[in-house]
Structures are given as structure tokens and as C-alpha cells.
Amino acid sequence: AQRVTQPEKLLSVFKGAPVELKCNYSYSGSPELFWYVQYSRQRLQLLLRHISRESIKGFTADLNKGETSFHLKKPFAQEEDSAMYYCALKSGANSKLTFGKGITLSVRP
Amino acid sequence: ETGVTQTPRHLVMGMTNKKSLKCEQHLGHNAMYWYKQSAKKPLELMFVYNFKEQTENNSVPSRFSPECPNSSHLFLHLHTLQPEDSALYLCASSYTRANEQFFGPGTRLTVL
């Protein structure tokens with residue numbers, strides 16, 4: 001069975017500081033990994049996916065199959081990055097999404 | 001409001017009540033989903049409908065009864081719920097099962 005682990009519940013940093021939101025997964029097959037974000041009073045939305053290898057709003061995430069990780073990083077955090085971030089794994093022929101518990105990122109001025 | 005809409009946004013019900021949650025999308029998507037988001041738990045997939053057919057039921061208790069009359073509408077009928085069913089219920093849709101899921105704003109359900 002697949003599992004997504006986000007070990008931290010809260011990360012609080014000052015504006016301009018680097019950010020790394022951790023995500024580890026367990027899955028026997030070839031995974032497809034995602035980061036979703038939920039800003040205050042907004043709906044959950046896709047931030048980025050590993051297959052795109054893109055940077056969105058300054059965030060990047062690299063799939064490390066050896067460490068089974070998909071950590072989300074940003075070199076310089078902004079206040080508007082404050083939100084809830086969820087790591088998710090899509091698995092199997094039925095493309096089921098399995099989410100982690102999420103982490104709250106708080107960026108202070 | 002465009003995208004995926006959900007009504008009501010908030011619902012308080014007693015354990016003996018019967019209520020329904022509604023989800024609607026006019027994005028031309030063929031797959032629709034119900035998720036449950038409880039405090040301190042990951043987002044949990046409840047049901048999946050693909051082209052109006054239920055393709056997944058993640059061991060959800062029968063007091064939750066989904067209905068998908070067409071590809072644009074999805075309902076979650078609730079009856080004799082328990083206080084532990086209080087949660088945020090999210091609807092999502094995608095063009096196909098393999099495509100990006102778009103989420104609604106959710107219905108905050110409180111069971112007294």
C-alpha cells in the first residue's frame with residue numbers, strides 16, 4: 001500500500017529565509033508525486049508535479065527515488081507563501097491520489 | 001463562481017437528520033471525487049465516479065451514499081451520521097482519472 005509522510009506539522013520562517021518542506025513516500029511501483037497548496041480561504045490547488053520538472057512561484061521539488069523523497073524547496077520565502085502544503089502520490093492503474101497530513105508554512109515579515 | 005462548486009458551504013445536522021451535499025462542475029470533466037478532510041488526518045479519498053459510474057469506494061460506511069446523475073453533478077447523501085463524521089468534505093473533478101484534479105471549496109459538516 002502507498003503512504004505519504006510529511007513529518008512536520010508546522011514550519012515558521014522569516015521572509016527571505018530558505019524553505020524546505022519534507023515529504024517521503026512508500027510505494028512499490030513507479031510513483032507520480034505532487035505538491036498541493038491551500039492558501040487561507042482558498043481551495044486546494046495543484047502547485048507542481050514531479051514529471052513537469054518546473055519551478056512554480058519559486059518552488060521546486062525533485063523526486064529522489066533512492067531516498068523515496070519529494071521535498072519542496074524555495075530559496076527565499078515570501079509572506080504570500082504562507083499556506084498549507086500537501087504532498088500527494090498518484091499510484092496504480094486507478095490513479096488514486098494519496099495525500100500526506102500536510103504542513104503549515106508560516107512566513108513572518 | 002467557476003470551476004468546481006459545492007453547496008452548502010456549512011452544514012450542521014443532528015445524528016437523526018438526512019441531508020445531502022452537492023457538487024457541480026462545468027469543466028467538461030468526466031471523473032468526480034469525494035474526499036474527507038478531518039482534523040489531524042490526511043485527506044482521505046471516499047468515492048470516485050468515472051463517466052457516472054462508481055469506480056472506487058474506500059470502505060466508506062453506508063451512512064454515506066453517493067449519487068452521480070450525470071458527469072457534471074455529484075451528491076453525497078448523509079443519514080444517521082455520527083459526531084466523528086464532522087469534517088470538511090471536498091469534491092474534486094478531473095478530465096480523466098489520470099489528469100489533474102480540481103477541488104471545490106468544501107462543505108464544513110458538523111454533526112451534533
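For clarity, every value in this text was computed on a predicted model and none was experimentally measured. What's counted below: heavy atoms across the whole structure, side chains too, no hydrogens, waters or symmetry copies.
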Min side-chain heavy-atom separation A:Thr98-B:Leu43 under 4.5 Å | no
Is there side-chain contact between B:Val4 and A:Arg43, with at least one heavy-atom pair below 4.5 Å?
-> yes
So for atom [atom1], which belongs to [X], do other residues, nucleotides or ligands contribute more than 12 heavy atoms lying within a distance under 6.0 Å?
X: A:Glu67; atom1: CD; value: no
X: B:Met15; atom1: CE; value: no
X: B:Arg63; atom1: CZ; value: yes

Run the side-chain donor-acceptor check on residues 64-76 of chain B: report pairs under 3.5 Å with partners two or more places apart or on a different chain.
| residue | atom | partner | partner atom | Å |
| --- | --- | --- | --- | --- |
| B:Glu67 | OE1 | B:His77 | NE2 | 2.6 |
| B:Asn70 | OD1 | B:Ser72 | N | 2.9 |
| B:Asn70 | OD1 | B:His73 | N | 3.0 |
| B:Asn70 | OD1 | B:His73 | ND1 | 2.9 |
| B:Ser72 | OG | B:Gln25 | O | 3.4 |
| B:His73 | NE2 | B:Glu24 | OE2 | 3.3 |

Any chance you could measure B:Ser94, atom OG, to A:Leu46, atom CG, to the nearest 0.5 Å?
-> 12.0 Å
Gap between atom CG of B:Leu90 and atom CG of A:Leu44 - 0.5 Å precision | 7.0 Å
State yes or no: do [X] and [Y] share one hydrophobic cluster built from I, L, V, M, F, W and Y residues joined by side-chain heavy-atom distances below 4.5 Å, directly or via other members?
X: A:Leu11; Y: A:Tyr86; result: no
X: A:Leu47; Y: A:Phe70; result: yes
X: B:Leu45; Y: B:Val60; result: no
X: B:Tyr33; Y: B:Phe47; result: no
X: B:Leu88; Y: B:Met13; result: no

Can you see which heavy atom on A:Lys96 is nearest to which on B:Asn58, and at what distance?
-> NZ-ND2, 3.4 Å
Do any of residues 100-109 of chain A come closer than 4.5 Å to chain B, heavy atom to heavy atom, and if so which ones, in number order?
-> A:Gly100, A:Lys101
What are the residues of residues 34-41 of chain A, in order of number, with any heavy atom under 4.5 angstrom from a heavy atom of chain B?
-> A:Tyr36, A:Gln38
Name the atoms and distances for all side-chain donor-acceptor pairs under 3.5 Å in residues 101-112 of chain B, with sequence neighbours left out.
| residue | atom | partner | partner atom | Å |
| --- | --- | --- | --- | --- |
| B:Gln101 | OE1 | B:Tyr35 | OH | 2.7 |
| B:Gln101 | NE2 | B:Tyr35 | OH | 3.4 |
| B:Thr107 | OG1 | B:Pro8 | O | 2.5 |

For A:Phe99 and B:Lys41, run side chain to side chain contact (heavy atoms under 4.5 Å, CB included): C-alpha distance rounded to whole Å, both residues' side-chain angles, the deciding distance at 0.1 Å, then the answer.
-> CA-CA 10 Å; A:Phe99 285 85; B:Lys41 281 188 174 182; over 6 Å; no
